[in-house]
Amino acid sequence: MFGAMRLFLGLLVVQTIAYFALSLYSRRIRRQKLETWWEEKGKTGNKEAFVERGLHVYDNSFRRKLILGVYIVPWVAIAALIYVVNYM
């Protein structure tokens, strides 16, 4: 029992590290795309305000929420594996 709990706790730690790494990476890529788009279009005005608005929209987007799959997918796979091994 304690071995399984230690395994699950370790998995949760690894998932949390992966989630934060993916979140930071994805946000950095979105920022670069917004800045590149601003420069290519030759816009005028406040570039930082434009980038911040774009990041705010990105924070509320479905794509950002897909990163939560880092938590969901492994647990579903483990549950399916346990079901298949024990009941099929």
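Throughout, residue positions are numbered sequentially from 1 according to the sequence presented. Remember, it's a predicted structure, so these values are computed and weren't measured experimentally.
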Taking the side chain as every heavy atom from C-beta outward, state whether Asn86 and Ile82 have any atom pair closer than 4.5 Å. yes
Check whether any side-chain N or O of Ser26 sits under 3.5 Å from a backbone N or O of Leu22 as a donor-acceptor pair, and report yes or no. no
d(Ile29 CD1, Leu24 CG) to nearest 0.5 Å is 11.5 Å
Salt bridge or not between Arg31 and Glu52? Use side-chain N to carboxylate O under 4.0 Å. yes
What's the spacing between Asp59 CG and Ser23 OG if we round to 0.5 Å? 9.5 Å
Run the side-chain contact (heavy atoms from CB on, under 4.5 Å) check on Thr16 and Val70 step by step: do they pass? CA-CA 8 Å; Thr16 301; Val70 168; over 6 Å; no
Can you tell me how far apart CZ (Phe50) and NZ (Lys41) are? Round to the nearest 0.5 Å. 10.5 Å
Closest heavy-atom contact between Gly69 and Pro74? O-CD, 3.8 Å
Could you give the distance from CZ (Arg30) to CZ (Arg63), rounded to the nearest 0.5 Å? 5.5 Å
For the residue pair Trp75 and Phe8, categorise the inter-ring angle as parallel (less than 30°), tilted (30 to 60°) or perpendicular (more than 60°). tilted
Starting from Val76, can I reach Val85 by hopping between I/L/V/M/F/W/Y residues whose side chains sit under 4.5 Å apart? no
Distance (rounded to the nearest 0.5 Å) between Leu12 CG and Met5 CE: 12.0 Å
Is the number of heavy atoms from other residues, nucleotides or ligands within 6.0 Å of NZ (Lys33) greater than 12? no
Using every non-hydrogen atom in the two residues, find where Leu34 and Leu55 come nearest and quote the distance to one decimal. CD1-N, 3.8 Å
Quick check: is Leu68 connected to Ile17 through a chain of hydrophobic side chains (ILVMFWY, heavy atoms under 4.5 Å apart)? no
Please determine whether the number of non-hydrogen atoms from other residues, nucleotides or ligands lying under 6.0 Å from atom NZ of Lys65 exceeds 12. yes
About how many Å separate OH of Tyr19 and CD1 of Ile67, when rounded to the nearest 0.5 Å? 6.5 Å
Between Val57 and Arg53, does the side-chain contact (heavy atoms from CB on, under 4.5 Å) criterion hold? Intermediate values first, please. CA-CA 6 Å; Val57 170; Arg53 279 193 313 268; 5.7 Å; no
Is the backbone of Tyr58 close enough, under 3.5 Å, to the side chain of Ser61 for a donor and an acceptor to pair up by distance? yes
